[in-house]
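Have a look at the structure below before the remarks.
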Amino acid sequence: MELVVARIGRAHGIKGEVTVEVRTDEPELRLSPGAVLRTEPASAGPLTIETGRVHSSRLLLRFAGVKDRTGAEALRNVLLIADIDPAELPEEPDEYYDHQLMDLDVVLEDGTEVGRITEISHLPSQDLFIVERPDGSEVMIPFVGEIVAEIDLEEQRCVITPPPGLIDDRAEIASARDAGAEGGDGA
């Protein structure tokens with residue numbers, strides 16, 4: 001099974017290093033020196049990681065055969081793909097690979113159908129499930145413990161407890177000032 005583990009960003013310096021947007025929870029396993037990764041587009045690879053280091057909280061990689069800034073810039077936006085065993089699970093019990101979460105049915109605690117996960121968006125602050133609803137519309141569900149109550153891979157479902165307004169239009173009034181404005185002019 002293929003797993004996208006990173007996207008190559010800008011060149012860093014003049015010696016062929018690149019920044020990478022990490023898309024795996026296990027960069028030390030997937031992006032270590034000596035790792036050979038396929039690429040998308042395929043014409044850019046395969047690439048062998050020669051060195052890796054962290055600089056200003058960004059991972060920098062250098063690939064075998066890429067010795068200058070021009071070569072590094074040519075790799076910008078290339079996806080790095082690792083082959084993994086489909087039965088392999090992350091080390092932590094509450095962690096999941098994207099392929100495990102794709103197509104899970106999303107339901108409320110009472111069993112009400114919300115939709116199914118069609119995409120996972122990895123943002124700097126948190127991950128989002130993109131859920132396609134039965135009517136074809138989409139809703140974004142933050143993958144945080146306060147909202148995602150249970151992931152059941154055996155039953156292929158994700159149980160959520162969304163706050164008001166996340167998946168419907170019935171948001172509660174959160175400001176006392178807004179609530180007071182409904183009562184009249186007060187003057």
Side-chain angles (χ1 to χ4, degrees), residues 1-104 106 116-132 138-148 151 153 158 160 162-163 166:
M1 169 171 270
E2 296 180 343
L3 179 69
V4 174
V5 294
R7 184 182 63 82
I8 298 175
R10 297 186 312 239
H12 180 82
I14 60 171
K15 296 183 179 179
E17 284 185 312
V18 294
T19 62
V20 293
E21 173 190 315
V22 176
R23 294 189 179 176
T24 175
D25 289 336
E26 301 169 319
E28 64 284 345
L29 176 66
R30 309 272 183 230
L31 300 171
S32 60
V36 179
L37 303 167
R38 289 205 318 280
T39 61
E40 178 60 43
S43 60
L47 294 173
T48 301
I49 298 175
E50 196 170 84
T51 64
R53 66 186 178 102
V54 176
H55 174 72
S56 297
S57 70
R58 296 280 299 182
L59 179 61
L60 303 177
L61 297 179
R62 182 177 306 133
F63 300 101
V66 180
K67 300 295 180 196
D68 59 19
R69 185 174 187 88
T70 303
E73 277 296 334
L75 296 174
R76 191 172 190 157
N77 293 321
V78 168
L79 296 178
L80 300 175
I81 302 166
D83 283 319
I84 65 162
D85 179 349
E88 183 180 333
L89 298 174
E91 292 178 12
E92 297 295 319
D94 288 337
E95 289 182 0
Y96 304 93
Y97 292 130
D98 287 4
H99 71 271
Q100 294 174 300
L101 301 171
M102 292 297 292
D103 292 323
L104 290 184
V106 179
R116 72 179 175 83
I117 299 173
T118 57
E119 184 181 337
I120 299 161
S121 182
H122 300 281
L123 302 176
S125 60
Q126 68 193 16
D127 295 335
L128 287 176
F129 292 155
I130 310 301
V131 176
E132 183 177 316
E138 290 184 337
V139 62
M140 292 183 279
I141 309 289
F143 187 17
V144 294
E146 296 81 21
I147 296 172
V148 178
I151 300 283
L153 296 179
C158 169
I160 63 170
L166 183 65

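Partners of R30 under the salt bridge (charged side-chain N to carboxylate O under 4.0 Å, His left out) rule, at least two apart in sequence or in another chain, are E26, E88. Taking V66 as the reference, F63, A72, L75 meet the side chain to side chain contact (heavy atoms under 4.5 Å, CB included) condition, with sequence neighbours excluded.
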- Stepwise side-chain contact (heavy atoms from CB on, under 4.5 Å) test for I120 and L101: CA-CA 8 Å; I120 299 161; L101 301 171; 3.7 Å; yes
- Report the C-alpha distance between V18 and L60 in whole Å, list the side-chain angles of each, state the deciding distance to 0.1 Å, and finish with yes or no for side-chain contact (heavy atoms from CB on, under 4.5 Å). CA-CA 5 Å; V18 294; L60 303 177; over 6 Å; no
- Message: For T51 and I49: C-alpha separation, side-chain torsions, deciding distance, then whether side-chain contact (heavy atoms from CB on, under 4.5 Å) applies.
- Response: CA-CA 6 Å; T51 64; I49 298 175; over 6 Å; no
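Between the CD1 atom of I141 and the CD1 atom of I130 there is a distance of 9.0 Å, given to the nearest 0.5 Å. Atom CD1 of I151 is separated from atom CG of L104 by 6.0 Å, given to the nearest 0.5 angstrom. For the atom pair L153 CG and C158 SG, the distance stands at 10.0 Å (nearest 0.5 Å). T39 contributes atom OG1, which lies 14.5 Å from atom CZ of R7 (distance to the nearest 0.5 angstrom). With rounding to the nearest 0.5 Å, the separation of CG in L47 from CG in L61 is 10.0 Å. Interatomic distance, F129 CZ to I147 CD1, rounded to the nearest 0.5 Å: 10.5 Å.
Taking a 6.0 Å sphere around CE of M102, one finds it holds more than 12 heavy atoms contributed by other residues, nucleotides or ligands.
Between L128 and P142, the shortest heavy-atom distance links the atoms CD2-CA, 3.5 Å. The two residues P46 and V36 have their closest heavy-atom pair at CB-CG1, 4.1 Å. The nearest pair of heavy atoms linking A6 to L31 is CB-CD1, 4.1 Å.
Applying the side chain to side chain contact (heavy atoms under 4.5 Å, CB included) test between F143 and each of I160, I117, V148 identifies V148 as the sole match. Among H55, R53, H12, the single residue meeting the side-chain hydrogen bond (donor to acceptor under 3.5 Å, both in side chains) criterion with E17 is R53.
Applying the side chain to side chain donor-acceptor pair (under 3.5 Å) test to pairs two or more places apart or on separate chains, those with a residue in residues 58-71 are E50-K67.
Annotation: side chain of S121 is not in contact with side chain of D127 (no heavy-atom distance under 4.5 Å).
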